Amino acid sequence: QVQLVESGGGLVQAGGSLRLSCAASGSIFSINAMGWYRQAPGKQRELVAAIISSGRPNYADFVKGRFTISRDNAKNTVYLQMNSLKPEDTAVYYCNVGIRTLGSSWYINEYWGQGTQVTVSS
């Protein structure tokens, strides 16, 4: 069993900052890519940022220069530092992690966090 626990969402004014965290725990053999998605009301879930095991990040164009994704492999945790937040960043943010579990290390399973609400007021 693997669990992902997210934290760090909340309400912030436009131009403000928030930092999201997502910690994985359980029967983990290794972790591959880690990422953040978001879903606004009435819209499809979209990729925000992802980071592979080597630490190379990738960002959606709409967050480049404002958001920074990072990971702490020793803590099995991925972070999303969000600066210069805009009202259009309002959404539920989900972490997504590819994990090889103990006993099934040949296969990468995909896990989702429970989601954390980010609300940016104008």
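The model shown is predicted, which means the values in this text are computed figures rather than measured ones.
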Checklist entry - Judged by atom type as modelled, is there a donor-acceptor pair below 3.5 Å linking the side chain of Arg100 to the main-chain atoms of Phe29? => result no

Checklist entry - Cluster question for you: counting only ILVMFWY and a side-chain heavy-atom cut-off of under 4.5 Å, with indirect links fine, are Ile69 and Val97 together? => result yes

Item to check | Minimal non-hydrogen separation, Val12 against Gly16, with atom names | outcome: CG2-CA, 3.8 Å

Item to check | CD on Gln1 to OG on Ser27, rounded to 0.5 Å | outcome: 7.5 Å

Item to check | Interatomic spacing from CE in Met82 to CZ in Arg19 - rounded to 0.5 Å | outcome: 11.5 Å

Next on the checklist: Under the criterion side-chain contact (heavy atoms from CB on, under 4.5 Å), I'd like the reasoning laid out for Ile31 against Arg71: C-alpha separation, chi angles, the key distance, then a yes or no.
Outcome noted: CA-CA 11 Å; Ile31 296 180; Arg71 60 191 285 169; 3.6 Å; yes

Next on the checklist: Are more than 12 heavy atoms, taken from residues, nucleotides or ligands other than Glu110, located less than 6.0 Å from that residue's CD atom?
Outcome noted: yes

Checklist entry - Is there a chain of hydrophobic side chains (I, L, V, M, F, W, Y, each step under 4.5 Å between heavy atoms) that links Val63 to Val120? => result yes

Checklist entry - Do Tyr37 and Val118 belong to the same hydrophobic cluster, where Ile, Leu, Val, Met, Phe, Trp and Tyr are linked whenever their side-chain heavy atoms lie under 4.5 Å apart, directly or via other members? => result no

Item to check | Flag side-chain contact, heavy atom, 4.5 Å: Arg38 against Glu46 | outcome: yes

Next on the checklist: Over 60° means perpendicular and under 30° means parallel, so tell me whether Tyr94 and Trp112 are parallel, tilted or perpendicular.
Outcome noted: perpendicular

Checklist entry - Is any side-chain N of the basic residue among Asp89 and Lys86 closer than 4.0 Å to the acidic one's carboxylate O? => result no

Item to check | Shortest non-hydrogen contact between Ala91 and Ala40, atoms and distance | outcome: CB-N, 3.8 Å

Item to check | From CD1 (Ile51) to CH2 (Trp36), nearest 0.5 Å | outcome: 12.5 Å

Checklist entry - CD1 of Ile52 to CG of Asn58: how many Å apart, nearest 0.5 Å? => result 7.5 Å

Checklist outcome for this item: Tightest non-hydrogen contact, residues Leu4 and Gly113, listed as CD1-N, 3.6 Å

Checklist outcome for this item: d(Glu6 CD, Tyr93 OH) to nearest 0.5 Å is 11.5 Å

Item to check | Qualifying disulfide bond (SG atoms under 2.5 Å apart) pairs, either residue in residues 16-62, two or more places apart | outcome: Cys22-Cys95

Item to check | Atom CZ of Phe62 with >12 non-hydrogen neighbours under 6.0 angstrom | outcome: yes

Checklist entry - Are Phe67 and Leu85 side-chain neighbours, meaning at least one heavy-atom pair lies under 4.5 Å? => result yes

Item to check | Residues in side chain to side chain contact (heavy atoms under 4.5 Å, CB included) contact with Thr101, at least two apart in sequence or another chain | outcome: Val2, Ile99, Ser104, Asn109, Tyr111

Item to check | Taking every non-hydrogen atom, the tightest pair across Asn83 and Ser17 | outcome: OD1-OG, 2.9 Å

Checklist entry - With distance as the sole criterion, is a donor-acceptor pair present between the side chains of Asn32 and Ser53 under 3.5 Å? => result no

Checklist entry - Of the non-hydrogen atoms in Thr68 and Tyr59, which two are nearest, and what is the gap between them? => result CA-OH, 3.4 Å

Checklist entry - Which atom names give the shortest non-hydrogen contact between Gln117 and Val92, and what distance separates them? => result OE1-CG2, 3.2 Å

Next on the checklist: Let me confirm one number: the CE-CG distance from Met34 to Asp72, rounded to the nearest 0.5 Å.
Outcome noted: 9.5 Å

